[in-house]
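One structure below.
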Amino acid sequence: MPTPARARGRRVSAVQALALLLSFCLVAGIGGVLAAGLVLPGVAVANGLTGMTVTAFDDLPSELEQQPLPEKSEILAADGTLLATFFVQNRVVVPLSEIAPIMQQAVIAVEDRRFYEHSGVDPASMLRAAVSSGLGDKQGASTLTQQYVKNVFLDAAERVEDPQEKIRLRAEAKVNKGPEGIARKLREAKIAITLEKTMSKDEILEKYLNIAAFGASVYGVESAAQYFFSTSAKELNYLQAATIAGITQSPTRWDPVGPADETAEQDAARYADAKGRRDQVLDDMHQLGYITDEELRVGLETPVEATLAVSKLSQGCMSANATVAGAGFFCDYVTKVIANDPAFGETPSARTNLLYKGGLTITTTLQPGEQAVADAEVKNGVPVDDPSTVASAVVTVKPGTGEITAMAQNRNYSALSEQAAGETSVNFNTSYRYGGSGGFSPGSTYKVFTLLEWLKQGKALQASVNGTRMQYNMNEFTASCIGRLTGPPYKFGNSEGGRAIQQSVLDATKNSVNSAFMAMATQLDLCNIVNGAAALGVTKAGNPAATDPTIGTPAGDVPFDPLPGNVLGSQSTSPLQMAAAYATFASGGTYCKPIAITSVRNTDGEELPVPTADCQAGAIEPRFASALNFALSNVWSGTASSVGAPPFPSAGKTGTTSNNEYNWFVGYTPLRATAVWVGYSDGMRTMNRATINGKRYTSGPYGSSIAAPTWKRYMTQILAGTENPGFAPPTDREINGERVGVPSVVGQNEQQARQALEGAGFRVSVSGDRVPSSYPDGTVAEQSASTATKGATITLKLSSGQPQQQPPQPQPGPGNFPGPGQGNNQGGGQPNPPGPRG
């Protein structure tokens with residue numbers, strides 16, 4: 001901030017101050033400005049309003065601390081589409097070479113026609129203004145150099161965080177009347193003299209043209225040219241230049257474009273005022289020979305409104321909706337990333353200042369085409385104005401990169417304090433820190449993390465589990481990270497037609513059977529399940545500063561609590577976190593943190609650091625990813641069979657919470673992973689018996705009712721016309737388990753065979769049909785496998801005691817060659833004794 005005038009030195013009265021200022025002007029007029037600055041003890045006077053004391057001229061600051069000017073920042077989609085602009089002052093700084101000469105001349109003509117002749121102050125004009133100010137009248141006479149100094153002080157005031165100090169400094173920089181006005185002019189004069197010693201005229205002019213206000217919300221000539229005329233400062237013509245130059249004297253009064261709610265009569269009066277001011281500038285330009293007689297005549301005849309081509313100022317994420325359908329929520333997420341990430345500054349206020357003042361060009365991951373489809377389809381699933389008020393959200397992550405390509409919900413983004421029906425600023429796709437939502441219970445979509453841990457522990461998809469039990473004692477679960485679980489038995493039910501029977505893990509996944517997954521969980525460590533999910537980014541989505549009362553852990557940014565209910569996804573996470581986790585499966589095991597920003601450039605075009613996806617190849621072993629992909633690809637013949645598979649390889653999982661409060665579908669291909677959520681946004685209440693988008697749900701709704709169809713419509717459109725690869729095939733180990741040798745029991749009686757096989761860890765099944773064999777009656781003639789997975793069932797066939805019939809002997813054909821389809825018996829005429837079959 002510029003050094004303020006210091007309260008020291010001898011005090012003088014207001015009359016003395018005015019006399020000394022007049023002396024300064026007289027000496028400057030006779031001996032020159034520099035001489036006056038060196039020999040005259042001019043004064044600065046102020047009262048309690050500014051807090052300045054009357055001090056000697058040489059105690060006033062002579063140096064000006066010039067900070068980089070605040071410039072607007074822009075958020076762009078991946079293809080360069082402008083989504084939103086952020087600014088405290090709408091400004092684009094450009095060099096003088098990028099400003100049309102006629103624009104430079106227009107400002108000089110109306111503001112300081114002796115700019116290239118004086119040395120920072122104009123004594124004659126200053127004397128006239130000083131006398132008027134001393135008498136209480138406002139009369140300007142500052143040079144462009146002095147005006148630049150004033151604007152720097154105003155800019156410094158805006159940088160102050162303390163509100164009262166900001167008000168004081170603004171008043172000090174603007175005051176025009178009485179002793180305070182004299183004090184300000186003396187300060188500006190002294191600094192202007194110093195600037196003229198160290199900077200060229202063109203440098204001062206360039207800085208002035210970039211710092212000055214040229215409208216109620218427009219700063220610098222480049223932004224003014226863009227706003228009023230939809231052109232650049234370099235391309236301005238003389239009429240446009242005259243209009244802009246005339247505004248800066250009183251930006252609110254002379255701005256030809258008023259508020260949107262003005263009447264036609266108010267617009268007409270504004271145009272007339274703006275034309276009068278512009279015509280004055282044209283006359284000044286003509287007097288100095290900057291424009292011809294003909295240009296003056298044409299200009300005076302041209303209405304100001306006829307020259308305007310206004311590009312309306314729009315700030316913030318609400319404008320993103322008009323550019324890319326529904327993009328306001330993604331834009332808001334980007335601003336939250338900047339506010340939360342230390343890559344953009346050490347403190348939240350520093351990060352906010354960088355966004356609003358740093359002149360950043362922020363390129364994001366948003367794909368406008370995908371975003372438009374996501375916005376349309378989430379609103380087709382549940383319209384914005386649906387009487388049910390049910391909410392829905394869609395978010396997509398690109399596997400292997402973490403890039404968020406679309407983010408939509410069936411609400412209209414609004415950051416206003418008063419919002420209409422269907423409007424919100426809460427982002428349902430993200431966690432509390434990044435959008436204000438506390439997240440939602442993921443239900444059965446969280447089961448994939450139990451399945452992942454099952455595979456990690458060497459267990460197979462075809463392994464059989466007992467899905468008949470519907471309650472377990474707490475001590476039947478293991479949670480090594482918190483100790484022995486206590487409490488009443490954990491009871492649950494099955495949903496979506498899941499059958500409580502003995503079944504394979506593969507079938508349990510396809511049909512989303514709660515009882516089977518609870519049986520699996522008793523064979524695992526609950527801590528490993530929730531920590532495995534957290535390693536893939538799935539954590540609680542609430543406020544991390546709040547406490548979750550379940551077991552006293554934070555409500556956000558930590559793993560789910562290791563409790564049986566979380567096997568079925570009871571606590572809350574966000575759709576974005578789920579999409580990023582499932583993208584890990586799609587990529588073959590590489591987890592990437594979801595990212596929204598790919599690059600940030602400052603006003604010099606330099607690349608700034610941005611948050612990285614920190615992709616971790618092998619976050620899960622590829623063989624586990626392949627097994628998960630195989631298991632989850634069966635969803636289309638399971639819980640989503642009513643939806644039907646899309647026309648490309650895909651996998652996914654439906655999710656429905658206990659009482660149909662939330663529905664989910666999280667699905668993916670190797671190209672995209674997308675989560676769809678449906679539910680009430682204001683609390684966990686059932687959607688059962690609600691009428692949603694014209695359909696009444698007497699049963700359900702389930703994940704296959706709204707979420708999965710929305711996913712399919714959306715993904716089918718965005719992947720149309722692209723090559724959609726399949727998933728890598730799973731290994732036999734993950735499907736069937738580890739294969740081991742099976743003891744040969746051929747020739748043993750049934751009891752001996754059972755003891756041997758069961759002792760080796762296999763189940764035994766005996767066929768009801770006996771087979772001919774050379775082995776004695778009732779002994780084992782055949783067994784189904786010589787190698788199998790642990791726990792597999794080995795089928796035995798017992799001998800009938802009757803020898804096998806010999807095959808017929810071949811009859812010679814013509815020429816003594818074997819007949820068609822026949823061959824020589826190479827086994828000596830007798831078949832080998834039957835042995836184990838693999």
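Note that these values count all heavy atoms, side chains included, but never hydrogens, waters or copies made by symmetry. Note that the numbering runs from 1 along the sequence shown for the chain.
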So which heavy atom on [X] is nearest to which on [Y], and how close?
X: V92; Y: E222; result: O-CB, 3.4 Å
X: G381; Y: I706; result: O-CG2, 4.0 Å
X: N410; Y: S392; result: OD1-N, 2.8 Å
X: S574; Y: S431; result: CB-N, 3.9 Å
X: T669; Y: P649; result: CG2-O, 3.5 Å
X: S73; Y: G359; result: OG-N, 3.4 Å

Answer with yes or no whether the side chains of [Y] and [X] bring together a donor and an acceptor at under 3.5 Å.
X: Q717; Y: E377; result: yes
X: T81; Y: D79; result: yes
X: E423; Y: N412; result: no
X: Q457; Y: E453; result: yes

Can you label the angle between the Y333 ring and the Y434 ring as parallel, tilted or perpendicular, going by 30° and 60°?
tilted
Salt bridge (charged side-chain N to carboxylate O under 4.0 Å, His left out) between K540 and D557, intermediate numbers included
CA-CA 5 Å; K540 290 194 279 187; D557 297 348; over 6 Å; no
Is NZ or CZ of K447 both nearer than 6.0 Å to the six-membered ring centre of F517 and within 45° of the ring axis?
yes
Checking salt bridge (charged side-chain N to carboxylate O under 4.0 Å, His left out) for the pair R685/D682: CA distance, chi angles, key distance, verdict?
CA-CA 9 Å; R685 49 196 175 103; D682 57 354; 3.2 Å; yes
Between [X] and [Y], is the ring centre distance below 6.0 Å?
X: Y702; Y: Y697; value: no
X: Y680; Y: F440; value: no
X: W636; Y: W711; value: yes

Between OG on residue S570 and OH on residue Y446, distance to nearest 0.5 Å
10.0 Å
Nearest 0.5 angstrom please: E607 CD to R601 CZ, how far?
6.5 Å
Decide yes or no on salt bridge (charged side-chain N to carboxylate O under 4.0 Å, His left out) for R672 and E370, but give the supporting numbers first.
CA-CA 11 Å; R672 294 289 187 272; E370 294 182 32; 2.8 Å; yes
Please say which of L671, T674, V394 ends up in a side chain to side chain contact (heavy atoms under 4.5 Å, CB included) with M715.
T674
How about V397 and T405: do any of their side-chain heavy atoms sit closer than 4.5 Å?
no
Side-chain heavy atoms of M520 within contact of V567, under 4.5 Å:
no
Considering the options F87, F344, F86, which one meets the ring-ring contact (aromatic ring centres under 6.0 Å, His included) requirement together with Y356?
F86
Chi angles and distances behind the salt bridge (charged side-chain N to carboxylate O under 4.0 Å, His left out) call for R623, E734
CA-CA 7 Å; R623 60 194 178 104; E734 274 62 53; 2.7 Å; yes
